[in-house]
Structure formats: structure tokens, C-alpha cells
Amino acid sequence: MRKYNVAVIGATGMVGQRFLLLLDNHPYFNVTCLAASSASAGKRYRDAVKKWHMADPIPEKFGNAIVLDADADKQKIAAAADFCFCAVNMKKEAIRELEYAYAKLECPVVSNNSAHRGTDDVPMVIPEINPEHLEVISAQRARLKTKRGFIAVKSNCSLQSYVPLLHPLKKFGIKSAAVTTYQAISGAGKTFETMPEICDNIIPYIGGEEEKSETEPLKIWGEVKDGRIVNATAPKITAQCLRVPVSDGHTAACFVSFEQKPTKEEILNAWQEYSGEPQKLYLPSAPRKFIHYFTEDDRPQPRLDRNLELGMAVCAGRLREDSVFDYKFIGFSHNTLRGAAGGAVLLAELLAAKGYFD
């Protein structure tokens, strides 16, 4: 595998920081540009970062790098990078324009943002679930009139805690699912220091999160047809999303009903046997085992399980029959690793392996 030069746009934010830790000494990717808003441009990275949120220190090679302006320096950044990661904190329309601009400069964009998740020729990929959606990139390039440039996105972070667990069960005919997510404060870019109102508290509303949780799975389970992704029409999903006093890791309580109710053993076997394209390709960020099931009644837990397989595994537990639905279970994933920067890096590894950056 050749090495690809990479820009990180939005490098000073929490997800951007996580990107830099993951990309330090990455076997496929070499970071050549760090970019952020005009307020950070021209500063050394360590000076531009208002608060370093990661447990590990800033990698030495990035600390003295000069931050570029993500908007004003677009041409310079695009010329220096084979592709870019994008994780910016801007209004949705501004993000759409920025990502289109990079794509049209022939710099592919792997986005952590939600701005293009609804665009029907932009693949929204969980690499173990729907890698075939990358086929739509050729149609997107035709629309954008680009040779190399395109946009690919990862899904919302909360989906990682239950959609990977529902996906292997689709062969039993999922009729409906209800999910409540208990989401960590890092999903809002916060720490306990910067979000004191969460201590001894639960906030029962996260703006836009429930709609994403109900609709984005249907795009993931859709199909590429006539140059666009046509969303699936089933199963029906209803969601509630709560912010809870946890630093990292989203937990989901999921209830599911089937057309053909499987046995508990069939569900456990489906999870045990499931793997995807990243595992077959031995991609660097891919967990060796995608789904881990815990037999203990008190697992999975954020503090104990969020770093399983370097934070890239999906965890399940407490599978049992339900009196209203057929079954219920607990799901869990690390929201800034599997759910955000790590998921985007894994997607980029898949794109690289499939030749989309060449």
C-alpha cells in the first residue's frame, strides 16, 4: 500500500485531536496539513488548541505545525494532500459548501460531519456493513465534474451502538426496533470541566439526534440504483436520545421484533459469526472481531469496555426475550473512536484499499 498525504480540516476540535492521535505513524496516511478556522490560522498547532482533550499528549510532529485557514487556504491544502478528513464546527450549509469546494479542487473528502449524509450520491458508510455504497462515487464525480474529487461520510456516532447489532439480524426479517441511546458528553465536544451541568444529571434532549437515529439506518441499508442511494423503507425505528454523565462511550437499549422470530442461540451465532470487508482486508484500524458479546449481566460498561479492540469494537450484552417486542439487548460503542474519528479513518483505509484515492 502506498502512503497517502492527508489534510485534517478542523484539527483543533475534539474530533480533530482524536484524528491526529490516530494518524500519528499511520501505515497508510501521512499528515501534511492541519487546518482550522481563521482564528487559528497562522499559529503553531499547540498554541491554536484552546484545550487539549485527549489523555495522550499532542504528537510532537504536530505541535509546531502551522495551522492553515480551512477556507482561505483551500487551494494550497488541496495541492498538498491526496485527500482530507473534515471535522469542522460550522453551520450545515457552510460545511456543505466547504466540502464541495475541496471535492471540486480534486481533493477527496472523508467527512465526520452530517451536512452531506442526506445527499443521495454521497455514500454514508459503516465499512463492515455497506461498503458496496462506495460504487455511487462514480455518479457523484460525474455530477461534480471531477476526476478524483468526491465526498464520503460516516454515519452519526450513536448509530454505531445498535445498527451493527441489528444488521446481522436482518436475515430474520426485522419488523421494527425501538432504541434509547445514553450518549457521552464527548459527543457534544465537552468534558466534565466544560459541561458542569451534566454532573449528577441527565439531559433528555440532543438536538436533531433522534431524527438521525431513525432515518440514517435506512440509508445505510439502502441500495445503489441509477447513480444514487435509494433508502430502505423498513424496518421502522423509533428512538430517544439522552445525554448522560459519561466521558466517552454511547450505550443503547434496543428492542426488536421480527417477521420470523429467531432463537436466542441464532441471534448469538449471527453476532459471533459476523465480519465485514475491513476484517477480510486486514485494514489497520479494523477490529479483529467486530462484535463482542458479554455474558455478564452488568456488561458492557463504558469504563470497562470502551477501549476494546482500541475502541473500534461494537459490544453487546443482556440479550433476552421481551414481553412487548421479541427481544431486547444492550449495545455499546466508543463514540469518538468507532463513532467518529476512528470510523472515518477506517472508511479512508477502505477507500484507499479500493483505489478511490488513486
Side-chain angles (χ1 to χ4, degrees), residues 3-26 28-115 149 151 153-154 157 185-196 247-248 335-337 340-342 344-345 348:
K3 275 260 190 176
Y4 295 89
N5 291 330
V6 181
V8 178
I9 300 170
T12 57
M14 183 177 283
V15 175
Q17 294 172 23
R18 182 69 76 182
F19 269 125
L20 295 191
L21 289 180
L22 294 173
L23 295 171
D24 188 25
N25 299 317
H26 191 281
Y28 292 5
F29 306 139
N30 174 51
V31 178
T32 54
C33 295
L34 305 182
S37 69
S38 58
S40 298
K43 299 177 182 177
R44 294 189 310 167
Y45 180 75
R46 69 175 71 257
D47 297 327
V49 173
K50 294 180 181 178
K51 173 71 174 177
W52 180 255
H53 296 292
M54 304 292 109
D56 295 323
I58 298 174
E60 189 61 34
K61 64 185 177 184
F62 300 135
N64 292 322
I66 301 301
V67 178
L68 299 178
D69 188 317
D71 187 28
D73 295 326
K74 288 193 294 289
Q75 291 187 331
K76 180 178 180 180
I77 295 166
D82 293 309
F83 75 96
C84 64
F85 291 108
C86 189
V88 294
N89 184 16
M90 300 162 57
K91 291 183 178 180
K92 185 171 287 191
E93 190 53 44
I95 295 173
R96 287 174 62 86
E97 292 177 6
L98 184 71
E99 292 181 345
Y100 271 140
Y102 276 94
K104 289 179 180 179
L105 286 169
E106 301 293 358
C107 182
V109 179
V110 179
S111 179
N112 189 71
N113 305 302
S114 65
I151 301 164
V153 301
K154 52 158 291 298
C157 57
I185 59 177
S186 56
K190 302 288 187 179
T191 64
F192 288 113
E193 182 183 356
T194 59
M195 196 179 185
S247 59
D248 291 299
N335 58 296
T336 68
L337 285 168
V345 171

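Ala7 and Ala81 get closest at one heavy-atom pair: N-CB, 3.7 Å. Counting all heavy atoms, side chain and backbone alike, Pro57 lies closest to Leu21 at O-CD2, 3.7 Å. Of all heavy-atom pairs spanning Ser186 and Asn335, the tightest one is OG-ND2, 2.9 Å. Ala340 approaches Asn112 most closely through the heavy-atom pair CA-OD1, 3.3 Å. Counting all heavy atoms, side chain and backbone alike, Asp69 lies closest to Ser38 at OD2-CB, 3.3 Å. Nearest heavy atom pair, residue Ala115 against residue Ile95, reads CB-CG2, 3.6 Å.
Remark: the backbone N or O of Asn5 is paired with a side-chain donor or acceptor of Asp82 at under 3.5 angstrom. Thr12 places no side-chain N or O within 3.5 Å of a backbone atom of Val49 that could act as its donor or acceptor partner. For the pair Lys74 (side chain) and Asp71 (backbone), a donor-acceptor distance under 3.5 Å is present. Using modelled atom types, one side-chain atom of Asn113 and one backbone atom of Val88 make a donor-acceptor pair closer than 3.5 Å. Checking side-chain atoms of Tyr45 against main-chain N and O of Ile58 turns up no donor-acceptor pair under 3.5 Å. Looking only at distances, a side-chain donor or acceptor of Gln17 sits under 3.5 Å from a matching main-chain atom of His53.
Here the side chains of Phe85 and Leu23 are in contact, with some heavy-atom distance below 4.5 Å. Between Thr191 and Ser247, the closest side-chain pair of non-hydrogen atoms is not below 4.5 Å. Looking only at side-chain heavy atoms (C-beta outward), Leu22 and Leu337 come within less than 4.5 Å of each other. A 4.5 Å side-chain heavy-atom check between Val345 and Arg18 finds every atom pair outside the cut-off. Inter-residue side-chain proximity for Gln75 and Leu105 is flagged as met; some heavy-atom pair is nearer than 4.5 Å.
Using the six-membered ring where Trp is involved, His26 and Tyr28 have ring planes that are perpendicular, over 60° apart on the 30 and 60° scheme.
For the atom pair Met14 CE and Thr194 OG1, the distance stands at 6.5 Å (nearest 0.5 Å). The structure places CD1 of Ile151 at 5.5 Å from OH of Tyr100, a figure rounded to the nearest 0.5 Å. Rounded to the nearest 0.5 angstrom, Lys76 NZ and Cys33 SG are separated by 7.5 Å. Note: Glu99 CD to Cys84 SG = 8.0 Å, rounded to the nearest 0.5 Å. Here Asp73 contributes atom CG and Ile66 contributes atom CD1; the two are 12.0 Å apart, rounded to the nearest 0.5 Å. One distance of note links OH of Tyr102 with CD1 of Ile9; it measures 4.0 Å at 0.5 Å rounding.
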Give the C-alpha distance, both sets of side-chain angles, the deciding distance and a yes or no for side chain to side chain contact (heavy atoms under 4.5 Å, CB included) between Leu20 and Leu34. CA-CA 9 Å; Leu20 295 191; Leu34 305 182; 3.6 Å; yes
Take Phe83 and Val6, measure what side chain to side chain contact (heavy atoms under 4.5 Å, CB included) needs, and give me the verdict at the end. CA-CA 5 Å; Phe83 75 96; Val6 181; 3.5 Å; yes
Tell me, with the steps shown, if Arg46 and Glu60 meet side chain to side chain contact (heavy atoms under 4.5 Å, CB included). CA-CA 10 Å; Arg46 69 175 71 257; Glu60 189 61 34; 3.9 Å; yes
Ile77/Cys107 under side chain to side chain contact (heavy atoms under 4.5 Å, CB included): CA gap, chis, key distance, verdict: CA-CA 9 Å; Ile77 295 166; Cys107 182; 5.8 Å; no
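The number of heavy-atom neighbours closer than 6.0 Å to NZ of Lys61, taken from other residues, nucleotides and ligands shown, is above 12.
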